[in-house]
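Report on the following structure.
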Amino acid sequence: MQLDIAPIGDRLDLYDELAGGWPEFMTKDPTGGLYYRYSDQFWPTFSLLAVDKETGRAVAKAHSVPFAYDGDPAEGLPEGGWDWVIRQALHDHLSGTKPTMVSALEINIRPDLRGSGLSGLMLAAMRDNAAEHGFTDLVAPVRPSGKHAQIRQPIDVYAHATRDDGLPVDPWLRVHVRAGAKIVNVAHYSMTYAGTLEQWRSWTGLAFDATGPVEVPGALSPIHCDVEQDHAVYVEPNVWVHHRI
Ligand SMILES: CC(C)(COP(=O)(O)OP(=O)(O)OC[C@H]1O[C@@H](n2cnc3c(N)ncnc32)[C@H](O)[C@@H]1OP(=O)(O)O)[C@@H](O)C(=O)NCCC(=O)NCCS
């Protein structure tokens with residue numbers, strides 16, 4: 001397949017083909033909602049779309065965002081992960097602060113093409129795009145794609161688990177490490193959001209009728225359910241990686 005990978009620009013209609021990658025509850029994260037609401041307007045050249053040249057169909061997309069950070073990313077990145085970096089990028093944009101590096105936010109492969117090796121290509125395109133903008137560091141609060149199958153395992157164990165060949169057990173972390181990234185640290189509360197129990201029932205189809213942890217399919221850690229207070233809170237851990245480019 002011959003791919004044309006370029007900033008999404010006005011080809012927003014092609015996005016639709018890439019829908020369907022996430023469990024419904026994941027689409028309720030308000031911080032992500034804020035980013036996607038403004039990504040085309042504020043950072044038009046940091047979202048890439050891959051199109052199959054033969055068919056004209058969208059194949060994958062890759063979102064990233066420039067932001068300012070005064071620390072050394074190889075030494076440690078904030079616990080707040082995804083939520084933090086989106087807030088930071090918006091703050092920098094609104095205040096006119098010069099960004100110092102780029103954070104990957106999402107790579108999404110068209111559902112029928114997953115598992116065919118495209119993620120590495122999109123990651124390489126994202127690294128190249130950051131370099132073309134003059135940046136030398138790309139970081140990412142990676143959502144480890146296999147963690148949902150080990151929902152009770154502590155993230156600090158899962159994030160550093162390796163196979164016999166020394167590469168991460170997690171498939172998505174493995175793609176980053178193969179591309180040259182180093183795992184920096186866990187972001188323990190990377191994505192945090194709440195809902196009433198009625199909202200969680202409608203998002204997941206589960207009962208949410210007992211106080212305590214609830215294992216929702218697709219979640220990376222159990223959701224905290226509080227029946228007495230009528231709310232439940234999801235705290236998703238991610239893993240910061242750093243690509244020196
Ligand atoms: C996660 C995602 C980007 C991976 O992209 P992909 O093109 O399907 O993955 P690849 O074919 O490049 O495979 C990458 C690795 O994952 C493994 N893998 C792929 N699908 C897998 C699955 N369903 N289960 C377990 N491992 C899997 C591959 O074997 C490969 O490992 P290897 O190179 O060591 O053999 C893609 O599945 C996706 O878009 N998912 C939905 C959105 C998402 O979760 N994005 C990531 C967080 S932003």
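Every number for a ligand or one of its atoms is a count from 1 in the order of the listing. Any value given below was found using the heavy atoms of this structure, including those in side chains, with hydrogens, waters and symmetry copies removed. Residue indices begin at 1 and follow the sequence shown.
In this structure, a donor-acceptor pair under 3.5 Å is present between the side chains of Asp156 and His188.
Between Glu17 and Pro111 the shortest heavy-atom distance is O-CD, 4.1 Å. Nearest heavy-atom pair, Ile155 versus Pro144, reported as atom, atom and distance to 0.1 Å: CD1-CG, 4.3 Å. The heavy-atom pair separating His242 from Val139 by the smallest distance is CD2-CG1, 3.9 Å.
Scanning the protein heavy atoms around atom 44 (O) of ligand 1, the nearest turns out to be Trp22 CH2, 3.4 Å. Looking from atom 45 (N) of ligand 1 to the surrounding protein, the closest heavy atom is Ile107 O, 2.9 Å. Nearest non-hydrogen protein atom to atom 8 (O) of ligand 1 is Gly115 N, 2.6 Å. Scanning the protein for heavy atoms near atom 25 (C) of ligand 1, the closest one is Pro171 CG, 3.9 Å. Arg114 CD, 3.4 Å is the protein heavy atom nearest to atom 37 (O) of ligand 1. Here the protein heavy atom with the shortest distance to atom 5 (O) of ligand 1 is Ser119 CB, 3.1 Å. When only non-hydrogen protein atoms are considered, atom 11 (O) of ligand 1 lies nearest to Gly117 N, 2.6 Å. Annotation: atom 39 (O) of ligand 1 to nearest protein heavy atom, Ile109 N, 2.8 Å.
Of the N or O atoms in Ser116, one or more lie within a sub-3.5 Å distance of an N or O in ligand 1. No N or O atom of Gly120 sits closer than 3.5 Å to an N or O atom of ligand 1. By the 3.5 Å distance cut-off applied to N or O atoms, Leu113 is not counted among the residues near ligand 1. For ligand 1, the polar-atom distance check against Arg178 finds a nitrogen or oxygen pair separated by under 3.5 Å. For ligand 1, the polar-atom distance check finds no N/O of Leu105 at less than 3.5 Å from any of the ligand's N/O atoms. Considering both main-chain and side-chain atoms, Arg174 comes within under 3.5 Å of ligand 1 through a nitrogen or oxygen pair.
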Do His133 and Val102 pass the side-chain contact (heavy atoms from CB on, under 4.5 Å) test, and can you show the C-alpha distance, the side-chain angles, and the key distance before you say yes or no? CA-CA 10 Å; His133 283 82; Val102 177; 5.9 Å; no
Check the pair Glu215, Arg152 against salt bridge (Lys or Arg N to Asp or Glu O under 4.0 Å), reporting the backbone distance first and the verdict last. CA-CA 9 Å; Glu215 295 187 14; Arg152 295 272 176 167; 2.6 Å; yes
CA sep, side-chain torsions, deciding dist, call: Arg37, Leu34, side-chain contact (heavy atoms from CB on, under 4.5 Å): CA-CA 5 Å; Arg37 168 73 180 76; Leu34 193 58; 5.6 Å; no
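Side-chain atoms of Trp22 never come within 3.5 Å of backbone atoms of Thr27 as a donor-acceptor pair (strictly under, hydrogens ignored).
Using a 4.0 Å cut-off between heavy atoms, Ala60 makes no contact with ligand 1 at all. At a heavy-atom cutoff of 4.0 Å, ligand 1 is contacted by the side chain of Val175 but not by its backbone.
Note on Leu121: it clusters hydrophobically with Leu173, by side-chain heavy-atom contacts below 4.5 Å among ILVMFWY residues.
Each of Trp84, Trp43, Phe42 was scored for a ring-ring contact (aromatic ring centres under 6.0 Å, His included) with Phe67, with one residue passing: Trp84.
The protein does not reach atom 22 (C) of ligand 1 closely, with no heavy atom under 4.0 angstrom from it. The presence of a protein heavy atom under 4.0 Å from atom 34 (O) of ligand 1 is confirmed.
For an aromatic pair to be called close, the ring centres must be under 6.0 Å apart, and Tyr38 with His93 fails this.
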